[in-house]
*Asks:* 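Here's a structure for you.
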Amino acid sequence: MDQWDRFIETFFNSTVLSKYAPSILEGVWVTIELSLLIVIVGVVLGTFLALLRAYENHFLSFLIVVFADIFRAVPPLVLILIVFFGLPNAGIFLSSFLVLFLVLMLILAAFSEEIIWAGITSVDRGQWEAARSTGLGFTQALVWVALPQATRMAIPPLTNRAIAITKMTALGTVIGVPDILNQATTAQSFSGNASPLMLAAIAYVLLFLPLVVMSRWLEHRFAWRKA
């Protein structure tokens, strides 16, 4: 067996691939489900917190800033391990899927809040004054005038951050979430062959490459002018 045959046997073993492809496909669906939930809930929560912060309640703003700073500062894996292994000592038992969702969702919410807040504060003061002069209240001006402009400016960085967070679903393998990486490493352990890991890598590329391309398009689409 020459080197090329050895490479094929190690990373593209057809017998191993056909045997473990179904389980890795199951992991793909788990990853997709997690990613969608994390992005939808995280962005919505982050936007809501940014809107609350706009009311300039000092105590509430302080709590939001503390939340955002903590969840942006602590490594995701540390938070996952603390929640998964720490909460049972307090009598709170959560599934590994729910732990991974909560941690990554809150991290994305923290980043989303800061990104949306930066967009809100960058809206020209004249826009606020024009909206208020037409009879709109503060909440109406915030929701119908400032937020759309802030969202437009926030789309490129928010998209990049969402992709970065959703790729962290692979961290769930340390607490037993049956995602792509968990299924692949389990298959690799049983087969003694690296082909499942290669299949997992291909699955990640097929899953996230379209999102990366879309984020690059959004950067060019919205970077050329300020809303």
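Keep in mind that this is a model prediction, so the values were computed, not measured. Any value given below was found using the heavy atoms of this structure, including those in side chains, with hydrogens, waters and symmetry copies removed.
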*Asks:* Nearest 0.5 Å, please: how far is CG in Leu206 from OH in Tyr204?
*Replies:*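 Reported value, rounded in 0.5 Å steps: 12.5 Å.
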*Asks:* Ser61 side chain to His58 main-chain N or O, any donor-acceptor pair under 3.5 Å?
*Replies:*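 Checking the backbone N and O of His58 against the side chain of Ser61, no donor-acceptor pair under 3.5 Å is found.
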*Asks:* Measure the CG-OG1 distance between Leu211 and Thr159 for me, rounded to the nearest 0.5 Å.
*Replies:*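 Leu211 CG to Thr159 OG1: 9.5 Å, rounded to 0.5 Å.
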*Asks:* Using a side-chain heavy atom cutoff under 4.5 Å and only I, L, V, M, F, W and Y, what cluster partners does Val143 have?
*Replies:*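 Answer for Val143: Trp144.
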*Asks:* Any donor and acceptor pair, going by atom type alone, linking the side chain of Gln149 with main-chain N or O of Ala146 inside 3.5 Å?
*Replies:*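 Checked: no pair found.
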*Asks:* Could you label the plane-to-plane angle of the Trp4 and Phe7 rings as parallel, tilted or perpendicular, counting under 30° as parallel and over 60° as perpendicular?
*Replies:*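 Plane angle under 30°, so parallel.
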*Asks:* Could you list the cluster mates of Val16? Members are the ILVMFWY residues connected by side-chain heavy atoms closer than 4.5 Å, either directly or through other members.
*Replies:*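 So far as hydrophobic clustering goes, Val16 is joined with Tyr20, Phe190.
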*Asks:* Side-chain heavy atoms nearer than 4.5 Å, only ILVMFWY residues, links allowed to pass through others: does that put Val213 and Ile163 together?
*Replies:*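 Different clusters.
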*Asks:* Could you give all pairs that pass the ring-ring contact (aromatic ring centres under 6.0 Å, His included) test and reach residues 166-189, with sequence neighbours left out?
*Replies:*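 Those involving residues 166-189 do not exist here.
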*Asks:* Which pair of non-hydrogen atoms, one from Gly119 and one from Ser122, has the smallest distance, and what is that distance?
*Replies:*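 For Gly119 and Ser122, the tightest heavy-atom pair comes out as O-OG, 2.7 Å.
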*Asks:* Same cluster for Val65 and Leu63 if Ile/Leu/Val/Met/Phe/Trp/Tyr side chains link at under 4.5 Å?
*Replies:*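 Shared cluster, no.
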*Asks:* Thr169 and Leu171: side chain to side chain contact (heavy atoms under 4.5 Å, CB included), yes or no, with the steps?
*Replies:* CA-CA 5 Å; Thr169 53; Leu171 296 175; over 6 Å; no
*Asks:* At their closest point, which heavy atom of Ala131 faces which heavy atom of Thr134, and how far apart are they?
*Replies:*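 Taking Ala131 first and Thr134 second, the nearest heavy atoms are O-OG1, 2.6 Å.
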*Asks:* Output side-chain donor-acceptor pairs under 3.5 Å for residues 74-89, partner residues at least two apart or in another chain, one line each.
*Replies:*
| unit_1 | atom_1 | unit_2 | atom_2 | d |
| --- | --- | --- | --- | --- |
| Asn89 | ND2 | Phe85 | O | 3.3 |

*Asks:* Looking at CD of Glu9 and CG of Asp5, how far apart are the two atoms once the value is rounded to the nearest 0.5 Å?
*Replies:*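 Here the interatomic distance stands at 8.5 Å.
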*Asks:* Going from CD1 on Ile202 to CZ on Phe11, what distance comes out if it is rounded to the nearest 0.5 angstrom?
*Replies:*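 Reported to 0.5 Å precision, the distance equals 11.5 Å.
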*Asks:* Give a yes or no on this: more than 12 heavy atoms of other residues, nucleotides or ligands lie within 6.0 Å of atom CZ of Arg72.
*Replies:*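 Yes, enclosed.
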*Asks:* Find out if a path of hydrophobic residues (ILVMFWY) with successive side-chain heavy-atom gaps under 4.5 Å connects Val44 to Ile165.
*Replies:*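 Different clusters.
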*Asks:* Do any side-chain atoms of residues 100-111 form donor-acceptor pairs under 3.5 angstrom with protein atoms, and if so which ones, sequence neighbours left out?
*Replies:*
none

*Asks:* Go through the structure and list residues passing side-chain contact (heavy atoms from CB on, under 4.5 Å) with Leu199, not counting sequence neighbours.
*Replies:*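 So Leu199 forms a side-chain contact (heavy atoms from CB on, under 4.5 Å) with Leu17, Ala21, Ile24.
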*Asks:* With rounding to the nearest 0.5 angstrom, report the CD1 to CE distance, Ile116 to Met153.
*Replies:*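 One finds 9.5 Å between CD1 of Ile116 and CE of Met153.
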*Asks:* Is there a side-chain contact between Lys19 and Thr15 in this structure, where contact means two heavy atoms from C-beta onward sitting under 4.5 Å apart?
*Replies:*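 They are not in side-chain contact.
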*Asks:* Would you say Ile92 ends up clustered with Ile175 if hydrophobic residues are merged whenever their side chains have heavy atoms under 4.5 Å apart, either directly or through other cluster members?
*Replies:*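 Both belong to a single hydrophobic cluster.
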*Asks:* Give a yes or no on whether the backbone of Leu136 and the side-chain of Arg132 come within a donor-acceptor separation of less than 3.5 Å.
*Replies:*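 Checking the backbone N and O of Leu136 against the side chain of Arg132, a donor-acceptor pair under 3.5 Å is found.
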*Asks:* By ring pair (Phe, Tyr, Trp, His ring centres under 6.0 Å), which residues pair with Phe208, not counting sequence neighbours?
*Replies:*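 Expected list: none.
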*Asks:* Going by atom type alone, with no hydrogens or angles, which donor-acceptor pairs under 3.5 Å involve a side-chain atom of residues 45-57 and a protein atom two or more places apart or on another chain?
*Replies:*
| unit_1 | atom_1 | unit_2 | atom_2 | d |
| --- | --- | --- | --- | --- |
| Thr47 | OG1 | Val43 | O | 2.8 |
| Arg53 | NH1 | Glu113 | OE2 | 3.0 |
| Arg53 | NH1 | Glu114 | OE2 | 2.9 |
| Tyr55 | OH | Thr139 | OG1 | 2.6 |
| Asn57 | OD1 | Phe59 | N | 3.2 |
| Asn57 | OD1 | Leu60 | N | 2.9 |

*Asks:* Tabulate below the donor-acceptor pairs under 3.5 Å that side-chain atoms of residues 27-42 make, not counting sequence neighbours, or state none.
*Replies:*
| unit_1 | atom_1 | unit_2 | atom_2 | d |
| --- | --- | --- | --- | --- |
| Thr31 | OG1 | Gly27 | O | 3.0 |
| Thr31 | OG1 | Ile180 | N | 3.4 |
| Ser35 | OG | Thr31 | O | 2.7 |

*Asks:* Return a table of donor-acceptor pairs under 3.5 angstrom between the side chains of residues 181-188 and protein atoms on other chains or two or more places apart.
*Replies:*
| unit_1 | atom_1 | unit_2 | atom_2 | d |
| --- | --- | --- | --- | --- |
| Asn182 | ND2 | Thr173 | OG1 | 3.4 |
| Thr185 | OG1 | Leu181 | O | 3.0 |
| Thr185 | OG1 | Asn182 | O | 3.0 |
| Thr186 | OG1 | Asn182 | O | 2.8 |

*Asks:* How far apart are the closest heavy atoms of Ala118 and Thr121, and which atoms are they?
*Replies:*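 In terms of heavy atoms, the two residues are closest at O-OG1, 3.0 Å.
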*Asks:* Applying side chain to side chain donor-acceptor pair (under 3.5 Å), name anything that partners Asn160, two or more places apart in sequence or on another chain.
*Replies:*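 Checked Asn160 against side chain to side chain donor-acceptor pair (under 3.5 Å); matches are Ser215, Glu219.
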*Asks:* Please give me the minimum heavy-atom distance between Arg161 and Ile115, naming the atom from each residue.
*Replies:*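 So the minimum-distance heavy-atom pair works out to CB-CD1, 4.3 Å.
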*Asks:* Quick one: hydrophobic cluster around Leu197, which other residues, with the 4.5 Å side-chain cut-off, linked directly or via members?
*Replies:*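 In the cluster with Leu197 there is nothing else; it is isolated.
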